Amino acid sequence: MPTRWLLLPLLLLPLEPRAECGCLWQGSFADVQQDTDLVVSGEVVASSGNSIDVLVSRTLRGELFRDTVRVWLDTGDLCRAQVENFPLQSTWVMALDRITEIPAGGFNPSTPNISFGRVDDYSLSRCGGYWLRQSENMVT
């Protein structure tokens with residue numbers, strides 16, 4: 001019997017299940033923004049791993065004492081937006097949640113660019129309309 005026939009059953013085994021987000025839709029931007037810590041308008045100026053840096057042009061709600069915020073996005077089952085949705089030089093209005101503590105296992109030194117995030121950075125949920133694409137003075 002050829003070796004390739006012996007390997008065929010291995011190809012048919014299910015792949016390792018990927019952790020999936022389990023959140024319910026919280027509503028449109030108008031519905032969700034009031035329950036977040038910060039609402040800003042800004043441009044994506046850097047991306048690394050599962051984070052983006054947003055140069056803030058305007059703070060719409062909340063307090064911010066720096067020009068750029070780091071926004072941590074999806075990894076595993078965190079129910080956060082995908083980093084691929086936010087290309088460099090794109091402009092957004094975002095309703096962000098401040099990261100106040102890191103859970104156990106939230107940082108792996110072997111993968112420093114893939115993380116839960118850092119205290120005082122922000123996260124962006126995908127369980128509602130937490131971001132709007134901005135083009136000049138229009139958002140969609």
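These values consider heavy atoms only, across backbone and side chains, with no hydrogens, waters or symmetry-generated copies. Because the structure is a prediction, the values reported are computed rather than measured.
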Side chains of R98 and Y122: does their closest heavy-atom pair fall under 4.5 Å? yes
Compare all side-chain heavy atoms of L73 with those of F86 and state whether any distance is below 4.5 angstrom.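 They are in contact (side-chain heavy atoms under 4.5 Å apart), so the answer is yes.
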Interatomic spacing from [atom1] in [X] to [atom2] in [Y] - rounded to 0.5 Å:
X	Y	atom1	atom2	result
T100	D121	OG1	CG	12.0 Å
D74	E84	CG	CD	9.0 Å
D120	I99	CG	CD1	9.0 Å
S125	L78	OG	CG	10.5 Å
Q33	Y130	CD	OH	10.5 Å
W131	L124	CH2	CG	5.5 Å

Membership question, hydrophobic clusters at under 4.5 Å side-chain separation (ILVMFWY): are L132 and V56 in the same one?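 They do not share one cluster, since no chain of ILVMFWY contacts under 4.5 Å joins V56 to L132.
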Report whether V39 and V139 are members of the same hydrophobic cluster (ILVMFWY, side-chain heavy atoms less than 4.5 Å apart, transitive linking). yes
In T59, L64, D53, L55, the residue satisfying side-chain contact (heavy atoms from CB on, under 4.5 Å) with V69 is L64
Spell out, as yes or no, whether a donor-acceptor pair under 3.5 Å connects the side chain of [X] to the backbone of [Y].
X	Y	value
N50	S115	yes
D31	S28	yes
S41	S57	no

Provide the closest heavy-atom pair for [X] versus [Y] in the form atom of the first, atom of the second, distance.
X	Y	result
W25	G129	CH2-N, 3.5 Å
W72	S51	CE3-CB, 3.6 Å
V83	S47	CG2-OG, 3.7 Å
I52	M94	CD1-CE, 3.8 Å
T36	A95	OG1-CB, 3.6 Å

Does CZ in R61 sit with more than 12 non-hydrogen atoms of other residues, nucleotides or ligands closer than 6.0 Å? yes
Decide if atom CD of E101 counts as having more than 12 heavy atoms of other residues, nucleotides or ligands within a radius under 6.0 Å. no
Take N85 and W92 through the side chain to side chain contact (heavy atoms under 4.5 Å, CB included) test and state the conclusion after the steps. CA-CA 11 Å; N85 293 339; W92 303 88; 5.5 Å; no
Decide whether a cation-pi geometry holds between R80 and F116; the criteria are a distance under 6.0 Å from NZ or CZ to the six-membered ring centre and an angle within 45° of the ring axis.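 Yes; both conditions hold, so R80 lies above the ring face of F116.
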Tell me whether C127 and C23 have SG atoms closer together than 2.5 Å.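 A disulfide is present here, as the SG pair of C127 and C23 is separated by less than 2.5 Å.
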